[in-house]
Amino acid sequence: KIIGPGGPSDDDRKRDAALRPKLLREVIGQKKVAERLQIAVDASRKLKEPLGHILFDGPPGLGKTTFATVLPNELSTTIQMTSGPALSKPADMLPFLTNLEEGSILFIDEIHRMPRVVEEFIYPAMEDFRIDIVLGEGVNARTISMTLKRFTLIGATTRGGMLSGPMRDRFKMREHLDYYTIGELAQIVGINAKKLNTPVSDGACNEIARRSRGTPRVANSLLHWARIYSAARSDGTISEPLAHEALDVKEVDADGLDKNDRRYLEVLIDVFSGGPTGVEAIGATMNISTDTLTDEIEPYLLREQFLVRSPRGRMATPKAFALLQKPFPKPRPD
Ligand code: ATP
């Protein structure tokens with residue numbers, strides 16, 4: 001996991017859990033996604049049928065877990081949570097599947113990291129609420145079929161593209177979460193500051209929002225820092241100048257880029273002359289895994305147009321050169 005505001009630490013996770021909205025109407029932004037989920041929830045209640053399986057994809061910290069955890073509250077049901085890497089063999093699924101209640105939710109985070117054997121094991125569970133368990137080995141092996149309670153599987157992934165086609169097709173709803181606007185993030189900061197009993201000005205909410213990389217988890221982390229900073233150096237309230245000061249000390253710049261975003265652009269521009277170059281080469285120079293670059297760092301740089309992906313590799317844009325105060329090179333004749 002990367003360091004800095006982009007990667008969640010255990011503290012981040014605990015804080016996130018405490019600040020999570022409890023109901024769909026408390027969720028800020030992602031209006032279309034929330035609307036479709038509300039429709040699915042209303043239908044499930046009226047038809048007395050479990051919610052269809054749902055897949056959330058999008059970069060880290062945008063609310064996949066948040067959406068997954070509001071749904072059981074809306075439906076007055078329970079949720080069990082696990083993650084792809086924790087499910088190394090089909091038997092790892094059994095405690096979750098046997099604990100299901102009618103209409104309850106099973107949430108699998110990082111579902112793209114679930115091994116193929118586990119994936120294939122849960123296909124019948126998703127389709128027919130049934131699993132086939134093989135007992136014994138070789139000629140003595142026999143399969144018994146077990147009927148499950150009707151449940152809803154919610155999967156979350158940062159890499160929709162890595163999920164197998166058959167797995168993806170078994171989700172009735174597939175929802176992509178996108179980065180938040182500054183206005184939405186400012187609203188989240190204001191609400192969460194209230195939950196933390198910390199007075200915060202509108203200007204400070206905006207300042208924190210602007211520097212949050214479009215990501216609520218980052219906004220929470222920066223709010224937490226500003227709160228600590230104010231308690232230590234001021235009177236515990238967060239004014240705009242204080243937010244400014246606190247975030248400067250944390251070295252989060254005014255463009256919302258964190259240290260790793262900047263380093264990525266510095267490597268691309270200083271070492272690879274702005275590209276085109278492969279993501280593996282950038283990762284090797286930064287000593288960061290390619291997965292982290294493609295899942296956590298590049299999506300924001302692409303969206304903010306600091307970076308383009310071409311068939312020949314990653315390229316820094318004029319905006320990236322301007323940010324690092326470097327002259328944009330004239331195009332090279334090929
Ligand atoms: P990951 O997959 O990396 O765990 P995630 O996409 O599941 O990340 P969450 O843990 O759901 O992200 O979100 C992080 C925090 O951001 C939440 O605890 C919550 O405080 C806040 N948050 C996220 N989305 C929203 C939202 N739409 N409205 C209000 N707060 C939000």
Side-chain angles (χ1 to χ4, degrees), residues 1-38 54-74 79 81-86 105 107-114 154-160 162-163 174-196 198 200 205 208-209 211-227 258 260 289 291-292 294-297 299-300:
K1 277 285 176 189
I2 57 168
I3 44 164
S9 62
D10 283 350
D11 276 357
D12 278 343
R13 288 202 179 279
K14 268 187 223 137
R15 196 163 51 235
D16 283 346
L19 296 177
R20 241 175 222 133
K22 302 275 182 288
L23 293 170
L24 266 175
R25 64 168 180 278
E26 294 168 17
V27 167
I28 310 292
Q30 314 285 353
K31 284 281 168 265
K32 290 285 170 200
V33 176
E35 189 185 339
R36 285 190 289 268
L37 289 172
Q38 189 67 62
I54 306 172
L55 179 69
F56 291 112
D57 90 296
L62 295 190
K64 297 184 288 299
T65 311
T66 297
F67 273 112
T69 52
V70 298
L71 292 174
N73 297 337
E74 291 284 348
I79 183 167
M81 302 178 87
T82 181
S83 74
I105 291 177
F107 176 63
I108 307 183
D109 202 4
E110 297 189 79
I111 194 163
H112 61 278
R113 292 179 62 192
M114 203 164 66
I154 301 186
T157 176
T158 45
R159 325 194 104 198
M162 260 181 70
L163 217 60
R174 295 192 290 263
E175 295 294 351
H176 177 74
L177 301 190
D178 213 338
Y179 290 105
Y180 290 67
T181 63
I182 291 174
E184 290 163 350
L185 289 169
Q187 227 181 316
I188 293 175
V189 171
I191 291 167
N192 290 349
K194 208 174 260 170
K195 288 186 188 167
L196 295 168
T198 301
V200 62
C205 290
I208 293 173
R211 302 204 205 189
S212 294
R213 269 181 120 253
T215 308
R217 172 174 299 133
V218 177
N220 281 351
S221 161
L222 299 184
L223 168 64
H224 175 72
W225 170 251
R227 179 171 179 265
D258 68 22
N260 283 319
S289 76
D291 283 0
T292 303
T294 50
D295 292 354
E296 300 186 17
I297 298 183
Y300 188 69

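Values in this document were obtained by computation on a predicted structure and should not be read as measured data. Atoms within each ligand, like the ligands themselves, are counted from 1 in listed order.
- Among the candidates Leu222, Asp258, Ile188, the single residue satisfying the side chain to side chain contact (heavy atoms under 4.5 Å, CB included) test with Ser212 is Leu222.
- Annotation for ligand 1: atoms under 4.0 Å from non-hydrogen atoms of Lys64 are 2 (O), 5 (P), 6 (O), 7 (O), 11 (O), 12 (O).
- Near Leu19, meaning under 4.0 Å from one of its heavy atoms, ligand 1 places the atoms 20 (O).
- Among the atoms of Ile28, some N or O lies under 3.5 angstrom from an N or O of ligand 1.
- Annotation for ligand 1: atoms under 4.0 Å from non-hydrogen atoms of Tyr180 are 24 (N), 25 (C), 26 (C), 27 (N).
- By the 3.5 Å distance cut-off applied to N or O atoms, Gly61 is counted among the residues near ligand 1.
- With rounding to the nearest 0.5 Å, the separation of OG1 in Thr215 from CG in Leu185 is 7.5 Å.
- Residue-ligand proximity, Gly63 to ligand 1, at heavy-atom distances under 4.0 Å covers atoms 5 (P), 6 (O), 9 (P), 11 (O), 12 (O), 13 (O), 23 (C), 24 (N).
- Relative ring orientation between Phe56 and Phe67 is described as parallel, the plane-to-plane angle staying below 30° on a 0-90° scale split at 30° and 60°.
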Q: Using the salt bridge (Lys or Arg N to Asp or Glu O under 4.0 Å) rule, take Asp295 and Arg159 through it: C-alpha gap first, then chi angles, then the decisive distance, then the call.
A: CA-CA 7 Å; Asp295 292 354; Arg159 325 194 104 198; 2.6 Å; yes

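- Exactly one of Thr198, Val218, Val189 qualifies for a side chain to side chain contact (heavy atoms under 4.5 Å, CB included) with Leu223. That residue is Val189.
- Rounding to the nearest 0.5 Å places CG of Leu19 at 9.5 Å from OG1 of Thr66.
- Only the side chain of Asn220 comes within 4.0 Å of ligand 1, judged by heavy-atom distances.
- Residue Ile188 has no nitrogen or oxygen atom sitting less than 3.5 Å from a nitrogen or oxygen atom of ligand 1, judged on distance alone.
- Residue Gln30 has no N or O atom closer than 3.5 Å to an N or O atom of ligand 1.
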